[in-house]
Amino acid sequence: MLATAAGILAVSGIAGGLAALLVLAERIIRNYGECEILINGERTLTAQGGQSLLETLSQQKIFIPSACGGRGTCAYCKLKVLDGGGPLLPTEEPYLDAAERAAGVRLSCQVKVRGPLRIEIPEHLFRVREFAATCASIRDLTHDIKEFRFALRDPARIEYTPGQYLQLFTPSYDGNEEVYRAYSMSSDPADREHVELVIRLVPGGICTTWCFEHLQEGDHVTFNGPYGDFRLSKTEAPMIFVAGGSGMAPIKCILHQMQNEGIAREATYFFGANRADELFYLDEMAAFEKALPGFRFVPVVAHPEAGGAWQGETGLVTDAARRNLPDLAGHEGYLCGSPGLIQAAVRVLTDLGMPEDKIYYDTFG
Amino acid sequence: MNPEAGILQPLVVMFSAAFTGNILLAKFLGMCPFLAVSRQVKTALGLGWAVVFVLTGTSVLNWLIYWKVLVPLNLEFLRFIMFIIMIAAFVQFVEMVLERYSPVLYQKLGIFLPLITVNCAILGGSLFMVIRRYTLLNAVAFGFGSGIGWMLAILAMAGIREKLAEERIPRGLRGPGITLIIVGLMALAFIGFTGVLGG
């Protein structure tokens, strides 16, 4: 009896002592205190150390683009860390080339705030805000693509360049982690009080599953943005748009812009789908063709149903582009779709004489 | 083991732990990480250092716990659970210190450090040192030597496997098959050391 009690006491005493020591060590070792972060040499913010630079900045309402949620796999959160970032970590090495390393570029999700930091943030990221919005409508576009319309609450207006994207916050559901996912705006940029997103259901995707199965009209959502450099150039060059599936979004937004601003550039838009019933926004595209004299919409169906009513282009969207386009020297290309589509489209456009630096794309798919 | 042997004895203990009594190739402890993480010399080296460090550290701490707490209280039978708790706490502490003061090493060791908590070579080391009634100094030497021995073994294995990766191996032997055969051959080679120090 005595031995049992002594045994229990000894084990719990030592285990408890060790636990207490660990808690104490955690308090002392993991306490980095208040850290000052000097941004662009002009503003200083003070934050509790110990978290990643990305998290710390987002708590201070400075939003750095990040699609992977800080796991160090998307490499969107690159920032220049001039002082105090510590040595380059093995997790960052694959994403930084020699020039970036020399300039002090780091992945802000991997850099931990441990002391005073001196960093540089591109000016346009300060325009990024967090928005609270209400889901105003959800509309089926195809069997796996929906259009989501959000009415902004706070702030009530958004300004963005057509072609840019925002990051939609997905709350935790069914035991999933919270994530942010990037989607391009598809709506008319003149309407500053609403944004529309075109989202395709990705089987097993955390955010798209949430949008399709949990999000209801009237629900509150948050997102931050705008981000991205995908936009119409300021030239008069004729343009080729190539998109597939939800890649429609930024192109549609740019078409709205052309209509609003009376941009009369020549433009041909190749839009690919697997089957004829997977095409969408056909009425909107017809309206753009009427409003924009230089604009032509070419829907392409890869696998039209046998005996179906499809009369238009068939095959891969890139092959249709190759069949229809003359020499493309002097043209500009704007692509949005899956990485495979982008790769194939770049190959076709460069084959037809388009210089590679005149091809702009977003690979969000 | 008598304490009068002076400075020589810890050295003998260390060398015999590293070679003749190699914890991996003679005692076959710590096999799972040995087989799983021996594809590349670089990662094997990282894991090797982590084992050396933790094995040395926990040998000292467990020696103190055993001889200064459990033996006086007649609670030797609790050594398994105490050793495990000690090892877990030590690994967690080391992780915290590394994260703060050596982020690069912390990232390099990555998942290996927490994995070491359940590496049976570590627990085995502590249990051997108790069974053999080592002095504190010998226990340190034994822990360090065992760690070095484990590291040497996994490094040698990783070197061999890097070479093997480009060889044509019969289909049925690929992966674990050929690896286990190599472990056996290596164990035979290490037994050759017995004569060196045992004589």
Side-chain angles (χ1 to χ4, degrees), chain A residues 1-33 35 48-53 70-73 81 84-96 101 106-115 117, chain B residues 40-47 49-50 54 57-58 60-114 117 126:
Chain A
M1 193 59 207
L2 207 61
T4 318
I8 293 171
L9 268 181
V11 172
S12 29
I14 291 177
L18 285 173
L21 271 179
L22 281 178
V23 170
L24 196 68
E26 158 106 24
R27 285 271 164 81
I28 296 169
I29 296 176
R30 288 244 172 102
N31 182 9
Y32 296 88
C35 301
Q48 187 65 30
Q51 283 181 304
S52 76
L53 182 56
R71 277 189 303 249
T73 54
V81 179
L88 195 68
L89 299 177
T91 39
E92 298 172 81
E93 280 167 7
Y95 304 104
L96 300 173
R101 289 179 200 204
R106 301 288 299 267
L107 299 192
S108 61
C109 66
Q110 300 296 307
V111 174
K112 217 168 176 187
V113 179
R114 302 163 187 278
L117 279 171
Chain B
Q40 283 179 342
V41 171
K42 215 175 128 195
T43 43
L45 190 67
L47 183 61
W49 278 122
V54 174
T58 53
V60 177
L61 292 171
N62 283 340
W63 189 92
L64 290 173
I65 287 270
Y66 186 77
W67 293 106
K68 301 295 171 196
V69 180
L70 296 184
V71 171
L73 290 172
N74 278 328
L75 292 172
E76 292 95 330
F77 65 94
L78 285 176
R79 60 185 181 276
F80 288 90
I81 191 166
M82 286 321 310
F83 287 176
I84 294 267
I85 292 175
M86 202 65 221
I87 291 167
F90 182 74
V91 168
Q92 199 146 34
F93 181 75
V94 169
E95 213 183 344
M96 260 189 250
V97 172
L98 278 187
E99 194 187 353
R100 167 109 205 209
Y101 298 105
S102 176
V104 174
L105 187 62
Y106 175 75
Q107 289 275 356
K108 270 197 183 135
L109 290 181
I111 188 71
F112 299 140
L113 207 54
T117 316
S126 288

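First the proteins, then the strands, lettered A, B, ... as listed; each starts at 1. Below, all heavy atoms of this structure are taken into account, side chains as well, without hydrogens, waters or symmetry copies.
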Within this structure, what is the OH-CZ distance for the pair B:Y101 and A:R114, rounded to the nearest 0.5 Å? 10.0 Å
Contact class of A:E26 relative to chain B, heavy atoms under 4.5 angstrom: both
Does any heavy atom of chain A fall under 4.5 Å from the side chain of B:M96, the backbone, both, or neither of them? both
So, do A:V11 and B:L75 sit near enough that their side-chain heavy atoms are less than 4.5 Å apart? no
Against chain B, label A:I28 side chain, backbone, both or neither, depending on which of its atoms sit under 4.5 Å from a heavy atom there. backbone
Taking all non-hydrogen atoms of both residues, which atom of A:N31 and which atom of B:R100 are closest, and how far apart? O-NH1, 3.0 Å
Show the nearest heavy-atom pair for residues A:Y32 and B:E99, with the distance to one decimal. OH-O, 4.3 Å
Do other residues, nucleotides or ligands put more than 12 heavy atoms under 6.0 Å from B:W49 CH2? no
Measure across A:A15 and B:I85 and return the closest heavy-atom pair with its distance rounded to 0.1 Å. CB-CD1, 4.1 Å
Residues B:L73 and A:A10: closest non-hydrogen pair is CD1-CB, 4.4 Å
Nearest-0.5 Å distance, CG of residue A:L21 to CZ of residue B:F93: 8.0 Å
Hey, could you give me the CD1/CD1 distance between B:I65 and A:I14, rounded to the nearest 0.5 Å? 4.0 Å
Counting only non-hydrogen atoms closer than 4.5 Å, does A:L88 touch chain B with its backbone (N, CA, C, O), its side chain (CB onward), both, or neither? backbone
When the 4.5 angstrom heavy-atom criterion is applied to A:I29 and chain B, the contacting part is both
